[in-house]
Visitor: 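Structure below; questions to follow.
Chain letters run A, B, ... following the sequence lines, proteins first and then strands; every chain starts at 1. Everything numeric here is computed off the predicted structure, so don't read it as measured data.
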2 protein chains.
Amino acid sequence: MASSTDRSTEPSVSDAVGDPVEPRWLDEDQQRSWRQYLEGTARFVEALGHDHDVHSAVSLGEYELLVRLSESPGRSVRMSVLADGLAQSRSRVTHTVHRMERRGLVRRTADADDRRGVHCVMTQQGYDLLVASAPAHVAAVRRLMVDVLTPEQLRVLGESMAAISEVCKHDHVL
Amino acid sequence: MASSTDRSTEPSVSDAVGDPVEPRWLDEDQQRSWRQYLEGTARFVEALGHDHDVHSAVSLGEYELLVRLSESPGRSVRMSVLADGLAQSRSRVTHTVHRMERRGLVRRTADADDRRGVHCVMTQQGYDLLVASAPAHVAAVRRLMVDVLTPEQLRVLGESMAAISEVCKHDHVL
DNA sequence: TCAAGCTCGTTGAAGATTCAACTTCATGCG
DNA sequence: CGCATGAAGTTGAATCTTCAACGAGCTTGA
């Protein structure tokens, strides 16, 4: 073993003739790209989160949640829709919303049709906080990503991650 | 406020004539790419982590740490080098190594030259676990990313994230 | 109608991460 | 030398996330 996601010349572990047992290691280019993605994403999320700590009263995750609410009619979104949209577990959203509710940024209301349902509603205070946070957020996203890449790079990045997103969505069920 | 990182047609918040006060919102393409990145990465990390839960005795983070150790002469790396390489805080590495040490995957030894230094050394048990985990890890990275993209897409993804990584490295200091 | 099986959302405990404070040691400079 | 500064790691508390279990309500089909 010498490299993370490992070399194409790795000796067979199983010596099996069949294929499913013998992993297809990554070649050098694939390896490099994969590691660049991993490190880049780690540093990016870290830097953007840090920026929120400094310039904003909401974390990146809370900001994203507020954005979803702001885009929805009535500034109200069902918990399950929030969870799906943010690609987070229901439990996580429950906890986050609970904390934000304590701070007066959101409220929870019952769903009239489905009595299991709960809506998360943004308060005026939450809206004001979103508006106040937006400029620094956009500036950071620009500085750390959008303005760093060429339009072409940014486009490919988005398309690639969208494709991965689809695969992961289905994979996750398995 | 209608969209996350916000629309180019957003009315001015400050109405100022100058530039630093007026944020440059993202245009539609930029916005889409940014969101695709955010959602794709969330789902990808989630799916890959889940895969480790199922197929491996180490989490993704622990796996990455073991990989670094396996690549280093003597299977030994200084804590600070680990932290830098993994783009994690020193504190986080300390805690992770502590947990892995309890499980017998690594040991800690003093640095001979710098008496502040501590080396993290992989045990045979840690190495065996890495070898056992590698095939499933590679398979998942392929299934969820490498095999999903064209070689060209993967290359651009890597290059883009490397550029972002550099910017974040310097930005983080500020 | 009723039961089985699903979705929705919550809960609390366990686990992981962050943050600030602290100890120890190295280094540079007057 | 002697002090200031800063780097390396650790610690413990606060915070956040995950996980499994649960209560409640919808839905389907016999």
Side-chain angles (χ1 to χ4, degrees), chain A residues 41-43 45-54 56-65 76-103 105-121 172-173, chain B residues 41-43 45-54 56-65 76-103 105-121 172-173:
Chain A
T41 290
R43 290 201 197 280
V45 172
E46 155 74 19
L48 187 57
H50 185 258
D51 196 271
H52 270 261
D53 288 348
V54 172
S56 168
V58 280
S59 69
L60 176 57
E62 292 168 334
Y63 181 88
E64 292 296 326
L65 198 151
S76 169
V77 179
R78 258 187 86 149
M79 296 294 282
S80 54
V81 175
L82 274 178
D84 291 351
L86 297 171
Q88 293 182 357
S89 71
R90 289 159 197 277
S91 177
R92 181 171 174 182
V93 172
T94 293
H95 285 301
T96 302
V97 165
H98 179 71
R99 289 190 293 265
M100 294 175 76
E101 197 170 26
R102 271 197 322 225
R103 295 207 274 149
L105 303 177
V106 299
R107 272 195 327 275
R108 272 186 278 206
T109 66
D111 184 312
D113 302 328
D114 185 341
R115 291 199 296 169
R116 297 168 302 178
V118 173
H119 282 261
C120 179
V121 189
H172 187 282
V173 182
Chain B
T41 291
R43 291 200 196 281
V45 172
E46 156 74 17
L48 187 55
H50 182 67
D51 197 271
H52 269 262
D53 288 348
V54 172
S56 168
V58 281
S59 70
L60 176 58
E62 293 167 334
Y63 181 88
E64 292 296 326
L65 198 150
S76 169
V77 179
R78 259 186 84 149
M79 297 294 283
S80 54
V81 175
L82 275 177
D84 291 350
L86 297 171
Q88 294 183 356
S89 71
R90 293 165 195 281
S91 176
R92 181 170 171 182
V93 173
T94 294
H95 286 301
T96 301
V97 165
H98 177 72
R99 288 189 294 267
M100 294 176 75
E101 195 169 26
R102 272 197 321 225
R103 296 207 274 148
L105 304 177
V106 300
R107 273 194 326 276
R108 272 188 276 207
T109 65
D111 184 313
D113 303 328
D114 186 340
R115 289 199 298 170
R116 297 169 301 182
V118 173
H119 281 262
C120 179
V121 188
H172 188 282
V173 182

Visitor: Whole angstrom is fine here: how far is it from CD in Q88(A) over to P in dC16(D)?
Guide: 13 Å
Visitor: Side chains of Q88(A) and E64(A): does their closest heavy-atom pair fall under 4.5 Å?
Guide: no
Visitor: Pull out every protein N or O sitting under 3.5 Å from an N or O of nucleotides 10-15 of chain D, one pair per line with the distance.
Guide:
from	atom 1	to	atom 2	distance (Å)
dT10(D)	OP1	R108(B)	NH1	2.9
dT10(D)	OP2	T94(B)	OG1	2.8
dT10(D)	OP2	R108(B)	NH1	3.4
dT11(D)	O4	S91(B)	OG	3.1
dG12(D)	O6	H95(B)	NE2	3.1

Visitor: Could you give the CZ-to-C1' distance, from R92(B) to dC16(D), as a whole number of Å?
Guide: 12 Å
Visitor: Nearest whole angstrom, please: distance from the C1' of dT18(C) to the CG of D51(A).
Guide: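 So the two atoms are 17 Å apart, to the nearest Å.
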Visitor: To the nearest Å, give me how far apart CZ (R102(A)) and P (dT10(C)) are.
Guide: 14 Å
Visitor: Please check the phosphate of dG9(D) (OP1 and OP2 only) for any side-chain N or O of S80(B) closer than 4.0 Å.
Guide: yes
Visitor: Expressed as a whole number of angstroms, how long is the span from E64(B):CD to dA16(C):P?
Guide: 17 Å
Visitor: By salt bridge (Lys or Arg N to Asp or Glu O under 4.0 Å), which residues pair with R108(B), not counting sequence neighbours?
Guide: E101(B)
Visitor: Between the protein and nucleotides 25-28 of chain D, list the N/O to N/O atom pairs that are separated by less than 3.5 angstrom.
Guide:
from	atom 1	to	atom 2	distance (Å)
dG25(D)	N2	R116(A)	NH1	3.1
dC26(D)	OP1	R115(A)	N	2.9

Visitor: Not counting sequence neighbours, which residues clear side chain to side chain donor-acceptor pair (under 3.5 Å) with T94(B)? List them please.
Guide: none
Visitor: Roughly how many Å is it from CG in D53(B) to P in dT18(D), rounded to a whole number?
Guide: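 About 10 Å, once rounded to whole Å.
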Visitor: Within the structure provided, determine whether V97(A) and L65(A) are in side-chain contact (heavy-atom separation under 4.5 Å).
Guide: yes
Visitor: Would you indicate whether the side-chain heavy atoms of L105(B) and V58(B) approach each other to under 4.5 Å?
Guide: yes
Visitor: Quick one: closest heavy-atom pair of A87(B) and A42(A), and the distance?
Guide: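 Heavy atoms of A87(B) and A42(A) come nearest at CB-CB, 4.0 Å.
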Visitor: Please work out if D84(A) contacts a base, only the sugar-phosphate, or nothing of the nucleic acid, heavy-atom cut-off 4.0 Å.
Guide: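 Result for D84(A) = nothing.
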Visitor: Taking CG from L86(B) and P from dG9(D), how many angstroms apart are they, rounded to a whole number?
Guide: 13 Å
Visitor: Excluding sequence neighbours, so at least two apart, what forms salt bridge (Lys or Arg N to Asp or Glu O under 4.0 Å) with D111(A)?
Guide: R78(A)
Visitor: What residues form a side chain to side chain donor-acceptor pair (under 3.5 Å) with R116(B), not counting sequence neighbours?
Guide: D114(B)
Visitor: Determine the minimum heavy-atom distance between H119(B) and S76(B), stating which atoms define it.
Guide: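 Between these two residues, the closest heavy atoms are ND1-OG, 3.2 Å.
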Visitor: Output the rounded distance in Å from CG (D111(B)) to C1' (dT24(C)).
Guide: 14 Å
